[in-house]
There are 2 protein chains.
Amino acid sequence: MAKQSKPLIALRKEPVQARSQDTVDTILEASAQILQKEGEAALTTNRIAAHAGFSIGTLYQYFPNREAILSAMATREQAHILKKLEAVFATLDPTDPEPTVREAVAALLGAFRGRHGVRRAIILGVMRRMPDDPRASAGVAEPLLTALESRCAGHFVPLGEAGRFVLLRAIAGAVRAAAIERSPLLGKPAFEDALVRLVMGMLLGGR
Amino acid sequence: MAKQSKPLIALRKEPVQARSQDTVDTILEASAQILQKEGEAALTTNRIAAHAGFSIGTLYQYFPNREAILSAMATREQAHILKKLEAVFATLDPTDPEPTVREAVAALLGAFRGRHGVRRAIILGVMRRMPDDPRASAGVAEPLLTALESRCAGHFVPLGEAGRFVLLRAIAGAVRAAAIERSPLLGKPAFEDALVRLVMGMLLGGR
DNA sequence: CTCAATATCTGAGGATTGCTCGGCTTTCTC
DNA sequence: GAGAAAGCCGAGCAATCCTCAGATATTGAG
């Protein structure tokens, strides 16, 4: 009795066979295409399923709700960015950190080029999940910042918890705002310069 | 013929009689209460109308859609904050700007205390409108920043357009993130310190 | 005060959309 | 190749946004 009151929900998880992994990928790609070509309003679950070539029921086998689709797209994007940042920080020269900071900023901005329609929806999706999902916040990059601080000890005034929080969210806020507002600054070198100035100014203690 | 194809839309504007002004206020207050007590999911247009004691049709006389209600709440909040900031900047001492910056930060943070459930929804509503409504972005505070720069000429390295954009969105990003994530930092002095450090560091040129 | 013009309010219901569930098909395992 | 497990299907329910045709309230000129 009560055979599948749980399983039905739990089934909405990771696919196991290769076929279903493809299904999930197809659904996410279809979502991205709809977002890019027709905008957020057109991103209905039925439309996604149709565009992906699956039944609506299949979609809901993997995603518990519409929001989860955006969430999954965001998670992939975020992992991609984090990986690039980690690669950059691996080359850090503790004597002269500014080039690394600049490189990291450039990498971050690089990830925000193209597919503006998709990115906008992803950002808003991320923010909607923020209080619930700790991974949704800019805090994921905190280990990188901590590493930067400890390896460059002596060069900077320590940030403390609040300082790290503010710096990470400040960067995210500036970049996300540029993306959402579709600011032409996004592509310009002056924008990169300003972000570097923001980071270095904060690290140096505002004095 | 074609008597009211336009008027019907145009009617969704400002109320003229005192009675309808009250209606709009009541609707906004009801929305705030629902948000605070029952969360965003409960904020349906029919529920708002019922809670405000009006028919759903009345609500749609003034607000073209659900989104517009959040937008109106955001506009009021924003005007309130901007007014407070203007008052702070009126007392600026060009010789020693840091106290004014600190005061402005404190004022901004003060506006983010209490009614967390409401604020979260407002912030997300603002961001959703960002590309369309220029007033929705942090750019509304740009005149204040420009004034600060010109009155303190010589103390700071000029920011330029990109610098101003980044600084304003960075502050907004940090504060909004704290609010949305319900971070306990929001109330702590260390958070204020970190924001001041962010601003001063950026103004001083990151060098 | 009267009454017509104007402003405001009403609420049933059309159109859409998110999502469920019982059952069918494909793939895996032994 | 047979049974089990994984994957897929899609009609339709419930919830929601929003419209529209007309009722009610207010105003102000005469």
Side-chain angles (χ1 to χ4, degrees), chain A residues 2-28 30-31 34-35 38-72 121 125 128-129, chain B residues 1-28 30-31 34-35 38-72 121 125 128:
Chain A
K3 2 177 94 167
Q4 44 198 26
S5 61
K6 275 271 188 64
L8 249 183
I9 308 288
L11 189 48
R12 319 219 193 172
K13 278 262 181 159
E14 294 301 310
V16 284
Q17 301 178 3
R19 169 172 64 140
S20 55
Q21 180 55 260
D22 278 352
T23 302
V24 170
D25 288 345
T26 304
I27 288 172
L28 291 182
S31 303
I34 293 172
L35 272 178
E38 313 182 47
E40 298 179 68
L43 193 75
T44 70
T45 52
N46 283 292
R47 201 170 181 66
I48 293 171
H51 192 286
F54 288 100
S55 145
I56 181 65
T58 298
L59 187 154
Y60 277 96
Q61 209 109 64
Y62 303 102
F63 301 98
N65 50 53
R66 198 190 98 115
E67 199 68 25
I69 297 172
L70 283 175
S71 189
R128 236 168 300 166
R129 290 199 58 78
Chain B
M1 298 79 206
K3 10 177 87 169
Q4 44 198 26
S5 62
K6 275 272 188 62
L8 251 182
I9 308 287
L11 190 49
R12 320 224 193 168
K13 280 259 181 159
E14 293 303 309
V16 285
Q17 299 179 2
R19 169 170 66 138
S20 54
Q21 180 52 256
D22 278 353
T23 301
V24 170
D25 288 346
T26 304
I27 288 172
L28 291 180
S31 302
I34 292 171
L35 272 176
E38 313 182 47
E40 296 179 71
L43 195 75
T44 70
T45 52
N46 283 292
R47 201 171 181 64
I48 293 171
H51 192 287
F54 288 100
S55 144
I56 182 64
T58 297
L59 186 154
Y60 278 95
Q61 209 112 62
Y62 303 103
F63 301 98
N65 50 52
R66 197 192 98 115
E67 199 67 29
I69 296 172
L70 283 174
S71 189
R128 236 166 303 167

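In the text below, chain A, chain B and the rest are named by the order of the sequence lines, each starting its count at 1. Remember, predicted model here, so these are calculated numbers, not experimental data.
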TODO: Show the numbers, then the answer: is there a side chain to side chain contact (heavy atoms under 4.5 Å, CB included) between B/I34 and B/S31?
DONE: CA-CA 5 Å; B/I34 292 171; B/S31 302; 5.9 Å; no
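Scanning for salt bridge (charged side-chain N to carboxylate O under 4.0 Å, His left out) contacts around B/R47 gives B/E38, with sequence neighbours left out.
For the pair B/I69 and B/L59, the minimum side-chain heavy-atom distance is below 4.5 Å. The side-chain heavy atoms of B/L43 and B/R66, taken from C-beta on, include a pair separated by under 4.5 Å.
For DNA chain C, the neighbouring residues in residues 16-28 of chain A, judged by any heavy atom under 4.0 Å, are A/Q17, A/R19.
Nearest heavy atom pair, residue A/P15 against residue A/Y62, reads CB-CE2, 3.9 Å. Residues A/L70 and A/L35 come closest through the heavy atom pair CD2-CD1, 4.1 Å.
The distance between atom CD1 of B/I48 and atom P of D/dC17, rounded to the nearest whole Å, is 8 Å. In this structure, CZ of A/F54 is placed 13 Å from P of C/dT26, rounded to the nearest angstrom. In this structure, CD of A/E14 is placed 11 Å from P of D/dG7, rounded to the nearest angstrom. Atom CG in A/L59 sits roughly 16 Å away from atom C1' in C/dC21 (whole-Å rounding).
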Open item on the list: Walk along nucleotides 11-18 of chain C from 5' to 3' and tag each nucleotide B, S or - by protein heavy-atom contact under 4.0 Å, base first, then sugar-phosphate.
Closed with: BB----SB
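Between the side chain of A/R129 and the main chain of A/E67, no donor-acceptor pair closer than 3.5 Å is present.
Put simply, CZ on A/F63 and CD1 on A/I27 are 5.5 Å apart, with the number rounded to the nearest 0.5 Å.
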